[in-house]
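Beneath this line is the structure, given in C-alpha cells, with notes to follow.
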There are 2 protein chains.
Amino acid sequence: MNKLTLKTIAAHFNVSVSTVSKAINDSHEISEELKVKIRKFAKQNHYKPNRVALNLLNRNTKTIGVVIPNILNYFFVQVLFGIEQVADERGYSIITCSTNESLGKEVKILDFLCSGSVDGVIISTVAGEAQLSEHIAHFEELLQKQIPLVMFDRVTEMIECDKVVVDDIEAGYKATKHFLETGCRSLAIINPIPNSSIGRLRIEGFKRALKEQGIPFDSDMVVSLGVEDDLELTISLSLNLKELNGILVFDEITTVKVMDLLRSKGFLIPKDISVIGFTNGELSRYASPPVTMISQHGRFIGETSANKLIDRIEGKDDKAKFETKTIKTSLVVRQSTLSMEQQDF
Amino acid sequence: MNKLTLKTIAAHFNVSVSTVSKAINDSHEISEELKVKIRKFAKQNHYKPNRVALNLLNRNTKTIGVVIPNILNYFFVQVLFGIEQVADERGYSIITCSTNESLGKEVKILDFLCSGSVDGVIISTVAGEAQLSEHIAHFEELLQKQIPLVMFDRVTEMIECDKVVVDDIEAGYKATKHFLETGCRSLAIINPIPNSSIGRLRIEGFKRALKEQGIPFDSDMVVSLGVEDDLELTISLSLNLKELNGILVFDEITTVKVMDLLRSKGFLIPKDISVIGFTNGELSRYASPPVTMISQHGRFIGETSANKLIDRIEGKDDKAKFETKTIKTSLVVRQSTLSMEQQDF
DNA sequence: CTGTTAGCGCATTCAC
DNA sequence: GTGAATGCGCTAACAG
C-alpha cells in the first residue's frame, strides 16, 4: 500500500486515470454513482494527490524560503513566528534556512532556493555592504529568475526588491535621547554587528541626538565587537568605564552580557551606568534589573514581509514598484535606566 | 529569460533534449566539443535543473518536515538548531511547522506532510495521551504511507516509531535530590505542561527521591498550570509559600516568572525558597539570581533525531527494529539553590 | 458520461 | 555520438 495513486485507483475500478481524477475533483462530468464509489474508496484509503506532481504541473510550490543569519537569536525567531502566522493563513509553508552568519552558506542556500523549490524568498542577509559589492551574484540570480524577494532588517541598496526595515536612525536617536533626558551624557555604544548597515544607521541617530544637545561625537565612543572577540577584553581596551554613565548595546544577548560584566566589576545599574539594549525579548524582561530596550517589533516585521512577498507571488501588485516599508521602533523603559523623575532632583 | 530549461537550451543548439541532459551531466556519450559548448552556455545562463521535476522523477524530496509545538520556546529552537546542522551536512532541507500547542493544527500539518512534500518527519507532538487515544489517525496515515517518523521529547507509546526522549524520571530525581541535599525538604512542583507524559515521568523521579529520604509524597505538592491559567492566582490558591523551601518548575519561562513572583512577595532566592527549572537556555543564565537548571541538551536531541531519521530515509537500517534513544540530562547548578557547603553549617 | 492525448522538466532506456 | 521514446503523478483540453 505504499503508493496510492490515481493509476492504482483506476486499475482497481477498471476505469481510466482521468475519470478518477475528475471523480475525486467532483467534476460534474462523472456519473453520481461512479463518483460516490471512487470517492469513498479514496477516502477510506487516505488518497492524497501528490503535491510534487501538482507543483510541477502548476509551476508553483506554495512554499516560501526564509533565510536568517541565526536561529538562536530571539529577534529572528520572532520574525519567523510572524512569517509563519501569515504563511499559514494564506496557505503557504515555509522552509527555514540558517546561514549561521556565514556568507558562504548564504550563497549555497540562495543557490538552492533558485532551483524551483520555493515561490519566493524572505531574507535578512549576512553580508555587509563591503562584501556585497564583491558578492552580489547570488542575489541577482534570484532576480533574474523572477523569484520574488523580500529583504528585512539587514538590507542593502545594491539590490532592488521589496524591503522591510526598522527605522534604525530613529531607534538610535530615541535611545540616546532617553539617556540624555535621564541625565546620562557620557555615552558609549557596543556594536556586535559591525559589518551590517543597520549599525551605521543607529550610530547616525546617536550622533543626531548628541548634536541636538551640543555634545561632540567621537568615534572612540563606538566599540565594534567581532564574533570571535572577547567581550571583556575588548571593552577594557576600548572604554574607560569609570567615566561612562550610559551604554547602548546593539543586540540582546550582548546587552545582558555587558550588564553581567559591569556588575562583576562593581558598577551598579543604573546608578553608576545606565544600559539600553536592542531587541525586546524574554531576556530583557527577566534580566536583573529588567532592561530598557528598543523593540523592533520582530513579529510585525515578519508578518509584513510575508504579506508583501505573497502579494508579489500572487501577482497582486504585479506592476507596483518595489517598496521599502519602515517599521517604527518603541522604547520599552524598564529599570536599567534612570527614571525621569529621579533625574529631576 | 524566465524559464531556462533543457528544452530551451536544446532549441538554442538545435539538438534534442536528451543530448543536452547528457551533456550537462557530463555523459561520455556526448562529443567533447558539443559538451563544452552546451555546458558553457548553461553555466553562463545559470541553468539549474528544476528540483521539482527531479523530485517527481526520483520520488524523494531531500526535505524533512519538523513539527514543534512552539517556536518561541528556546528548548525547541535548540532542537531545531541541532536538526538543521545535521540536515545541512547530509544534504537535506527542513520545512518547519509550528502547531502553537493546538492539536487541530497538528492534524492539519501532518496531513499536509503526508502529501509527498517531505521524505520524513520529526515531531514533538502536542497531544497528551488522553487526546491521542481518540486522535491517533493522523499519525497512522504517515506510518501507512511508510514515511519515516521520529518523535522526540513529547512521545507516546501508542505509536511505533523511532524516538528520542529525555530521561525525565532521572531528571526529576536529580533535581529533587539536589533540593534534599541542600536542605530543602518541603517541596512543590509547578507543571505548565500537564497534558504531557513527560510531566508524569518527572514527577515519578520526584517521588522516588522523596521516598529514598522517607518523605511522603502528596499530590497537593504538584500544581498544574494550564495555558490560560493565571500564574499568581493558581499559585496562591494551591501553595502555602511560607512553608515551602524548594520549587521545581517544568519549563524555563515559567521558572523565571515564578522567581519574579516570589521576589515580589518578598521571598529571597535561595535563602527562603530554592528554585530549579527545566531547559537550560539563555534566560536561566542571565536571570537574577542565575537559575539552577536541568539541561535536556536540546541541540543533541535534534542532532540525534535528524541522524536517525535520515538513516531511516536512506534505508541504512531498513530492517532494524524501532529504537528509543534516551538522552541523559545534566543538572547545571547556579545560584537559585543553596550550595552544599552552605547547608553543612 | 468516459477515455485518449498531451505536457509540466527531467533522466534513462533503447534505437539509430 | 545523437535522438526518440518512456514515465514520475497529475490535470485539462479534446474526442467519442
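Each chain gets a letter, A, B and so on, in the order its sequence line appears, and its residues count up from 1.
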Between A:N55 and A:T61, is any side-chain donor less than 3.5 angstrom from a side-chain acceptor? no
Across the strands shown, which category fits B:S21 at heavy-atom distances under 4.0 angstrom: base, sugar-phosphate, nothing? base
Could you say whether A:N58 or B:V15 is positioned toward the 5' end of DNA chain D, judged by the nucleotide with the nearest heavy atom to each? B:V15
Could you tell me whether B:L54 contacts a base, only the sugar-phosphate backbone, or nothing, with contacts defined as non-hydrogen atoms closer than 4.0 Å? sugar-phosphate
Within the structure shown, what part of the strands sits under 4.0 Å from A:F13 by heavy-atom distance: base, sugar-phosphate, or nothing? nothing
If you assign A:N25 and B:H28 each to the DNA chain D nucleotide with the nearest heavy atom, which residue ends up on the more 5' nucleotide? B:H28
Have a look at A:K22 and say if it touches a base, only the backbone sugar-phosphate, or nothing, with a 4.0 Å heavy-atom cut-off. base
Taking it one step at a time, do A:T96 and B:T96 satisfy side chain to side chain donor-acceptor pair (under 3.5 Å)? CA-CA 6 Å; A:T96 320; B:T96 320; 2.8 Å; yes
If we count only N and O atoms by modelled type, under 3.5 Å, do the side chains of A:T19 and A:S16 hold a donor and an acceptor together? yes
Can you measure A:I30 atom CD1 to D:dA12 atom C1' for me and round it to whole angstrom units? 13 Å
Nearest-nucleotide 5' precedence on DNA chain C, B:P49 against B:E29: B:P49
5' to 3' on DNA chain C, which nucleotides open and close the contacts with chain A (atom under 4.0 Å from a heavy atom)? C:dC1 to C:dG9
How is B:L6 classified with respect to the nucleic acid when contacts are heavy atoms under 4.0 Å: base, sugar-phosphate, or nothing? sugar-phosphate
A:Y47 side chain near D:dG9 phosphate (N/O to OP1/OP2, under 4.0 Å): no
Indicate the atoms forming the closest heavy-atom contact of B:C97 with A:E84, along with that distance. CA-OE2, 3.8 Å
What is the separation between atom CG on A:L57 and atom C1' on D:dC8, rounded to the nearest whole Å? 13 Å
Would you mind classifying the nucleic acid contact of A:S18 as base, sugar-phosphate or nothing, using non-hydrogen atoms under 4.0 angstrom? base
Using distance alone, with no hydrogens and no angle criterion, decide if A:T8 and A:T5 have a side-chain donor and acceptor under 3.5 Å apart. yes
Any idea how B:H12 and B:F41 line up, ring-wise: parallel (<30°), tilted (30 to 60°), or perpendicular (>60°)? parallel
Atom CG of A:N50 and atom C1' of D:dT11 are separated, to the nearest Å, by 13 Å
Looking at A:K37 and A:E33, is there a salt bridge between them, counting it only when a charged N and a carboxylate O are closer than 4.0 Å? no
Checking only heavy atoms, does the side chain of B:S16 share a donor-acceptor pair with the base of D:dA4 at less than 3.5 Å? no
Whole-Å distance, A:L56 CG to D:dG7 P, equals 17 Å
